[in-house]
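A quick note: this is a predicted structure, and the numbers were derived from the prediction, not measured. In each ligand, atom 1 is the first atom listed, and ligand 1 is the first ligand listed.
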Amino acid sequence: MVVTASMAVMGWLSVVMVVGSPVLHKVGGSKGWINHDVNYTEWSAQEHVYVGDWLMFMFDKRYFNVLEVNKTSYESCIDRDFITNVTRGGRDVVQMTEGRTYYYLSGGGHCFHGMKVAVPVQQHPSLAPSPSMFFSSSLLPSVMCSCIWIIVANVVYLVNLVIRC
Ligand SMILES: *[C@@H]1O[C@H](CO)[C@@H](O)[C@H](O)[C@H]1NC(C)=O
Ligand SMILES: *[C@@H]1O[C@H](CO)[C@@H](O)[C@H](O)[C@H]1NC(C)=O
Ligand SMILES: *[C@@H]1O[C@H](CO)[C@@H](O)[C@H](O)[C@H]1NC(C)=O
């Protein structure tokens, strides 16, 4: 029974490891959300953000804010008619719920000084099966095997319980 239980745990762990758990990305790294010193294009290029991850904006709310805008507004630094106002206390988080590019800027002219960021968000390879993707074709079978193992392990466990009763 102990063996069965540990096999179930191992199966579960391999699923978790493949799918991954949400990551918190501090926008701009340790410098945060500020109107100098950080090139957010470079910052974003070396981050790998997946659906379910969170972005954290750290800033002085007396001067700056965080607004989600569309691509056009991002490119031209338009802070009118934004999509969402992420601004709260200056240590603000927002979850990436879709596989697309998210655009943020700081209004009040700071966008023109570089306070804008485009964050491409990818689906987890194992959650977005697509024949053209190397990852999904190689990882999916292992996820499915793990699931089958969990089911088998649980059935064996239940059968053991029934036999004991
Ligand atoms: C940020 O870095 C990118 C790529 O290195 C560069 O093209 C861009 O001009 C830089 N932006 C600023 C505001 O320096
Ligand atoms: C982007 O947002 C601006 C401001 O709300 C709006 O005028 C514009 O039509 C939008 N562009 C697209 C492509 O949705
Ligand atoms: C965004 O929300 C904050 C906090 O609720 C508020 O103080 C600020 O005025 C809002 N900014 C805009 C541009 O609506």
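Proximity of a side-chain donor or acceptor of S106 to a complementary backbone N or O of C111 within less than 3.5 Å is not detected. In this structure, the side chain of D92 engages the main chain of G90 through a donor-acceptor pair within 3.5 Å. Side-chain N or O atoms of N65 include one that pairs as donor or acceptor with a backbone N or O of G107 at under 3.5 Å.
Close approach to S73 involves these atoms of ligand 2, each under 4.0 Å from a residue heavy atom: 1 (C), 2 (O), 3 (C), 4 (C). Atoms of ligand 2 found under 4.0 Å from any heavy atom of T72, numbered from 1 in the order shown, are 11 (N), 13 (C).
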**Study point:** Full working for ring pair (Phe, Tyr, Trp, His ring centres under 6.0 Å) between F64 and F59
**Key:** CA-CA 7 Å; F64 310 126; F59 57 99; 7.3 Å; no
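Taking distance alone, with nitrogen or oxygen atoms compared against 3.5 Å, N85 approaches ligand 3 more closely than that limit. Taking any N or O of D81, backbone or side chain, at least one lies under 3.5 Å from an N or O belonging to ligand 2.
Listed by first and then second residue, the side-chain hydrogen bond (donor to acceptor under 3.5 Å, both in side chains) pairs that reach into residues 37-50 are H25-E47, sequence neighbours excluded.
For the atom pair OG1 of T84 and OH of Y102, the computed distance is 9.0 Å after rounding to the nearest 0.5 Å.
For I78 against V69, the heavy-atom pair with the smallest separation is O-CG1, 3.9 Å.
At least one side-chain heavy atom of V117 sits less than 4.5 Å from a side-chain heavy atom of W33.
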Could you check ligand 1 for N or O atoms lying under 3.5 Å from protein N or O atoms and list the pairs with distances?
from, atom 1, to, atom 2, distance (Å)
ligand 1, 2 (O), N39, OD1, 3.4
ligand 1, 2 (O), N39, ND2, 2.3
ligand 1, 2 (O), E42, OE2, 3.3
ligand 1, 5 (O), E42, OE2, 2.9
ligand 1, 11 (N), N39, ND2, 3.1

